[in-house]
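In what follows, chains carry the letters A, B, and so on, assigned in the order in which the sequence lines appear, proteins first and then strands, with residues in each chain numbered from 1. Values below: all heavy atoms of this structure, side chains included; hydrogens, waters and symmetry mates excluded.
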There are 2 protein chains.
Amino acid sequence: MRAAMVINYRNMLKNLDKLLQDKNIRPTAMRLLALEYISSQQTAVSLSDLEAAFHRADRITLYRTLKTFEEKGLVHSIMDGTGSVKYALCEEGCECAPEDLHVHFFCNKCRETICLPMLRIPKIPLPDNFKQEEASLVIKGTCGRCN
Amino acid sequence: MRAAMVINYRNMLKNLDKLLQDKNIRPTAMRLLALEYISSQQTAVSLSDLEAAFHRADRITLYRTLKTFEEKGLVHSIMDGTGSVKYALCEEGCECAPEDLHVHFFCNKCRETICLPMLRIPKIPLPDNFKQEEASLVIKGTCGRCN
DNA sequence: AACCGCCTGCAATTGCATTGCATTGTTTAG
DNA sequence: CTAAACAATGCAATGCAATTGCAGGCGGTT
């Protein structure tokens, strides 16, 4: 049992490691931890969340870690209107247009932001000569847990 | 001709005045000017825009003017992801759910934000137990003018 | 005319995002 | 194996937008 867990944990690290490598991100200890945290969360995480999870780590380093993840397409950022940017893992193989193409939900009760990857942003018929490059749809209300 | 313009200007002020009164906002000089400016713009305005238009006015007063307009339902705010909040007139008779129900467009070239009141945000079929209260859809790209 | 409340202006502060720089750690070329 | 080159980290400082406190001023009411 113990052994199995250790092996699983090792495997997980291997996987996270691979995730980073695949995106050309050097797998440092901090980054592995950050990535582990992000992927363990059901909701999008803010810099403050990360900071709270690793209170011994430097805020700036965490900030740059998130920025790096975003640049390399490992996570995407979400502006949910709370004033602090949230980050969530990109889907496998997604070339994430900056501000992704799926819907995000912000719960007014628990104040968490979640990705709804199965819900794509509908195509909107823009006026003549308008060209769409990105889109961001944030729905606010109460989430399944809070209802 | 001159006389007609004067009369039209007077009428306009009367109209703006009425707009304010209807929303229970006391029509001070500053507010009339701010409202005139906002309604003369084709695009949503930020606090900085207002500040630039009235460089003799106090930034804080302009800030509070916008806040008052928003509270009273005269304008709605738009978070377009630029980091500064934009404001635009609400449609006649709209009870503007905070973060309105129409689509907004942000042009990556001219960096202006515009309302597209004729384009309603489509209804999204949320997962079980999720309740929608508001929604914000911002499309980014290049606008008609910039193409 | 006196009172009261809203509006305005100035000062100061918060909060999040961002950059500069020196140090440490890791990779790579010789 | 070592040194140079580069990347990541930690600390300090700054930028920028939003926000609040307070005092004075103005308008409207009694």
Side-chain angles (χ1 to χ4, degrees), chain A residues 16-17 19-21 23-38 44-72 74-87 98-99 106 111 113, chain B residues 13 16-17 19-21 23-38 44-72 74-87 98-99 106 111 113 138:
Chain A
L16 296 177
D17 199 283
L19 269 179
L20 291 174
Q21 305 260 19
K23 300 283 187 179
N24 278 307
I25 306 170
R26 248 194 349 225
T28 66
M30 187 74 258
R31 288 171 175 174
L32 281 167
L33 286 171
L35 179 54
E36 183 196 347
Y37 177 75
I38 296 174
V45 307
S46 67
L47 175 56
S48 303
D49 294 335
L50 255 192
E51 205 188 354
F54 303 104
H55 52 282
R56 306 192 47 184
D58 182 56
R59 179 180 184 86
I60 314 302
T61 301
L62 294 173
Y63 169 75
R64 280 193 264 235
T65 300
L66 286 174
K67 281 299 198 187
T68 304
F69 286 2
E70 187 187 13
E71 265 170 33
K72 304 291 184 140
L74 182 57
V75 304
H76 60 275
S77 63
I78 308 151
M79 315 250 309
D80 57 13
T82 58
S84 52
V85 182
K86 305 286 169 61
Y87 298 85
E99 297 263 37
F106 176 78
R111 306 194 63 76
T113 301
Chain B
L13 283 187
L16 297 178
D17 198 283
L19 270 179
L20 291 174
Q21 305 260 19
K23 300 283 187 180
N24 279 308
I25 306 170
R26 219 198 264 171
T28 67
M30 186 73 260
R31 288 171 175 173
L32 280 168
L33 286 171
L35 179 55
E36 182 195 348
Y37 177 75
I38 296 174
V45 309
S46 67
L47 176 55
S48 303
D49 293 336
L50 256 193
E51 206 187 354
F54 303 104
H55 52 282
R56 306 191 45 185
D58 181 57
R59 180 181 184 85
I60 314 303
T61 301
L62 294 172
Y63 168 75
R64 280 193 265 234
T65 299
L66 287 174
K67 280 301 199 186
T68 304
F69 285 2
E70 187 187 13
E71 265 171 32
K72 303 293 183 137
L74 182 57
V75 304
H76 61 275
S77 63
I78 309 151
M79 315 251 310
D80 57 13
T82 58
S84 52
V85 181
K86 304 285 169 60
Y87 298 85
E99 298 263 40
F106 176 78
R111 305 193 63 76
T113 301
V138 178

How would you list, by chain and number, every residue that makes a side chain to side chain contact (heavy atoms under 4.5 Å, CB included) with [X], sequence neighbours excluded?
X: Val85(A); answer: Ser77(A), Met79(A), Tyr87(A)
X: Ala57(A); answer: Met30(A), Phe54(A), Leu62(A)
X: Gln21(B); answer: Asp17(B), Pro27(B)

Tell me, please, which residues at least two apart from [X] pass side chain to side chain donor-acceptor pair (under 3.5 Å).
X: Ser84(B); result: none
X: Thr68(B); result: none
X: Thr82(B); result: Asp80(B)

Completion exercise
DNA chain C: first to last nucleotide in contact with chain A (atom under 4.0 angstrom from a heavy atom), 5' to 3', is dC16(C) to dT27(C)
Problem - Below 4.0 Å: OP1/OP2 of dG27(D) and any side-chain N or O of Thr28(B) - result: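 It does not, given that no N or O in the side chain of Thr28(B) lies less than 4.0 Å from OP1 or OP2 of dG27(D).
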Exercise for the section: Figure out the CD/C1' separation between Gln21(B) and dG27(D), and round it to whole Å. Expected result: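 It is 13 Å, rounded to the nearest whole Å.
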Handout entry: Separation of atom CG in Leu33(A) from atom C1' in dA8(D), rounded to whole Å
Key =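 The distance from CG of Leu33(A) to C1' of dA8(D) comes to 15 Å, rounded to the nearest Å.
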Fill in the blank from the handout: Nearest-nucleotide check on DNA chain D, Arg26(B) vs Ala29(A); residue mapping nearer the 5' end is Ala29(A)
Exercise for the section: Please round to the nearest 0.5 Å and tell me the distance separating atom CG of Asn24(A) and atom CD of Glu71(A). Expected result: 12.5 Å
Practice task
Enumerate the residues from residues 48-64 of chain B whose closest heavy atom to DNA chain D is under 4.0 Å, giving them by residue number; use none for an empty result.
Solution key: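 Correct list: Ile60(B), Tyr63(B), Arg64(B).
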Problem - salt bridge (Lys or Arg N to Asp or Glu O under 4.0 Å) partners of residues 57-66 of chain A, not counting sequence neighbours, each pair once - result: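 Listed once each, the pairs are Glu51(A)-Arg59(A).
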